[in-house]
Amino acid sequence: MRNDNLKSYLNLHLIVFIWGFTAILGALITIDADNLVWFRMLLAMIFLGAFIIYKKQSFQVPIKELFKLIFVGLLIALHWIFFFKAIHVSNVSITLSIFSLGAFFASLLEPLFFGRKILFYEVFFGLVIIAGLALILQVEIKYLTGVYYALAAIILGVVFTLLNGKLIADHEPSVITFYEFGAGVFFITIYFLFQGKFTADFFTLSLNNWILLLVLASICTAYAFTASVKVMQRLTPYTVMLTTNLEPVYGIMLAYFILGGKEKMSTEFYIGAVIIIITVILNGVFKHYKNKKEV
């Protein structure tokens, strides 16, 4: 049992590392953010569909739930479009430093979704995070547009994660994600049809872009998702949450060594990013021990 938990913990770090690598792929793929998301969701949906058939799972979901999945799929599509747009107009380091705010935003939005009160220490940590963010913006003001896109992406990400938390409790996660990706593809397709984007040039991608898209859709999306669900069945939510907070750390480190150039930020940026990441982790620690006392 102990070896199984260790294996799951190491697998979780691998998954978080893969999620961090997603941002690198977004920077390396040389197509527009909305095009990228359309290809990613379509290919990932195909991979997930094959996985569901292989596992002999049912594709059936109640009609009422299907409409919820369609709405969440729209949020996921917008989340990823803003995410990759942020990377393209700024860089990976800026985008992931903002993404580290995800757990904190979740703690603020949870009261709206689950009816609990906002805690004092969450407000305090929020002020510290704002200070860290201000330090980043003070020296990296040229990336302000990217910060806005990243903030929009992470807020959408937190909302669809909270909604998914309720849906996954009643349905097979892979089936839910299949329909959500399908809905995302549908909405982006409608938008593209109005824009007249589906031309021969749209599907004419370089071999390098096709390879990177396949890696993004298969390993970084379909595999990482299904593997993370298995890991969460063995590890505590607290362990998963704290480890997931390492995604920006992995991503920023990978960006520094793989992309170089504009990914090499000022000292103040790294100080601000460390302040944000440590504060988010402390928020998780406080929440964990408070919940233990209540139990």
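Everything numeric here is computed off the predicted structure, so don't read it as measured data.
Under the side-chain hydrogen bond (donor to acceptor under 3.5 Å, both in side chains) criterion, the residue pairs touching residues 20-49 are T30-N209, D34-K197, N35-K197, W38-T189, R40-T221, with sequence neighbours excluded. For the salt bridge (charged side-chain N to carboxylate O under 4.0 Å, His left out) condition, the pairs that include at least one residue of residues 44-69, sequence neighbours left out, are E65-K68.
Surrounding CZ of F194 are at most 12 heavy atoms belonging to other residues, nucleotides or ligands under 6.0 Å away. No more than 12 heavy atoms of other residues, nucleotides or ligands sit less than 6.0 Å from atom CZ of F67.
Side-chain contact check for H13 and Y250: at least one donor-acceptor pair (N or O, by modelled atom type) lies under 3.5 Å.
Contact detail for I87 and G26: the closest heavy-atom pair is CG2-C, 4.3 Å. Heavy atoms only, all atoms of each residue included: E180 and M41 are closest at O-CE, 4.0 Å. Considering every non-hydrogen atom in both S58 and V175, the closest pair reads O-CG2, 3.4 Å. Residue L48 comes nearest to A222 through the heavy atom pair CG-CB, 4.3 Å, listed as atom of the first residue, atom of the second, then distance. The two residues G146 and A86 come nearest to each other via the heavy atoms O-CB, 3.5 Å. Scanning both residues, A77 and I188, for their nearest heavy atoms gives CB-CD1, 3.9 Å.
Criterion: ILVMFWY side-chain heavy atoms under 4.5 Å apart, direct or through other members. Under it, I190 and F71 are part of a common hydrophobic cluster. Linking Ile, Leu, Val, Met, Phe, Trp and Tyr residues whenever their side-chain heavy atoms come within less than 4.5 Å places F257 and F17 in a single cluster. Linking ILVMFWY residues whenever their side-chain heavy atoms come closer than 4.5 Å, directly or via other members, leaves F51 and L69 in distinct clusters. Under the 4.5 Å side-chain heavy-atom criterion for ILVMFWY residues, a single connected hydrophobic cluster contains both L74 and V185.
Side-chain contact check for Y148 versus F82: every heavy-atom pair is 4.5 Å or farther apart. Looking only at side-chain heavy atoms (C-beta outward), L216 and L36 come within less than 4.5 Å of each other. The shortest side-chain heavy-atom distance between I18 and L14 falls under the 4.5 Å cut-off. When side chains are defined from C-beta on, Y149 does not count as touching I98, because their heavy atoms never get closer than 4.5 Å. At least one side-chain heavy atom of L28 sits under 4.5 Å from a side-chain heavy atom of L259. Under the 4.5 Å side-chain criterion, counting only non-hydrogen atoms from C-beta, I31 is not in contact with F202. For the pair I176 and V72, the minimum side-chain heavy-atom distance is 4.5 Å or more.
For Y179 (side chain) and G73 (main-chain N/O), no donor-acceptor pair under 3.5 Å exists by modelled atom type.
Atom CG of L214 is separated from atom CG of L25 by 11.0 Å, given to the nearest 0.5 angstrom. For the atom pair CD1 of I53 and CZ of F178, the computed distance is 8.0 Å after rounding to the nearest 0.5 Å. Within the model, atoms NZ of K85 and OG1 of T95 stand 12.0 Å from one another, a figure rounded to the nearest 0.5 Å. The distance from atom CG of N91 to atom CG of L96, rounded to the nearest 0.5 Å, is 9.0 Å. Note that CD1 of I15 and SG of C220 are 11.5 Å apart. Values are rounded to the nearest 0.5 Å. In this structure, the separation between CG on L156 and CD1 on I76 is 10.5 Å, given to the nearest 0.5 Å.
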Run the numbers on I219 and F21 for side-chain contact (heavy atoms from CB on, under 4.5 Å), then give the verdict. CA-CA 10 Å; I219 297 174; F21 192 67; over 6 Å; no
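Aromatic ring orientation, H79 versus F83: parallel (interplanar angle below 30°, classes split at 30° and 60°).
For the ring-ring contact (aromatic ring centres under 6.0 Å, His included) with F181, the lone residue among F186, W80, F39, F47 that qualifies is W80. The side chain to side chain contact (heavy atoms under 4.5 Å, CB included) test with Y143 singles out one residue from S90, S93, S97, and that residue is S90.
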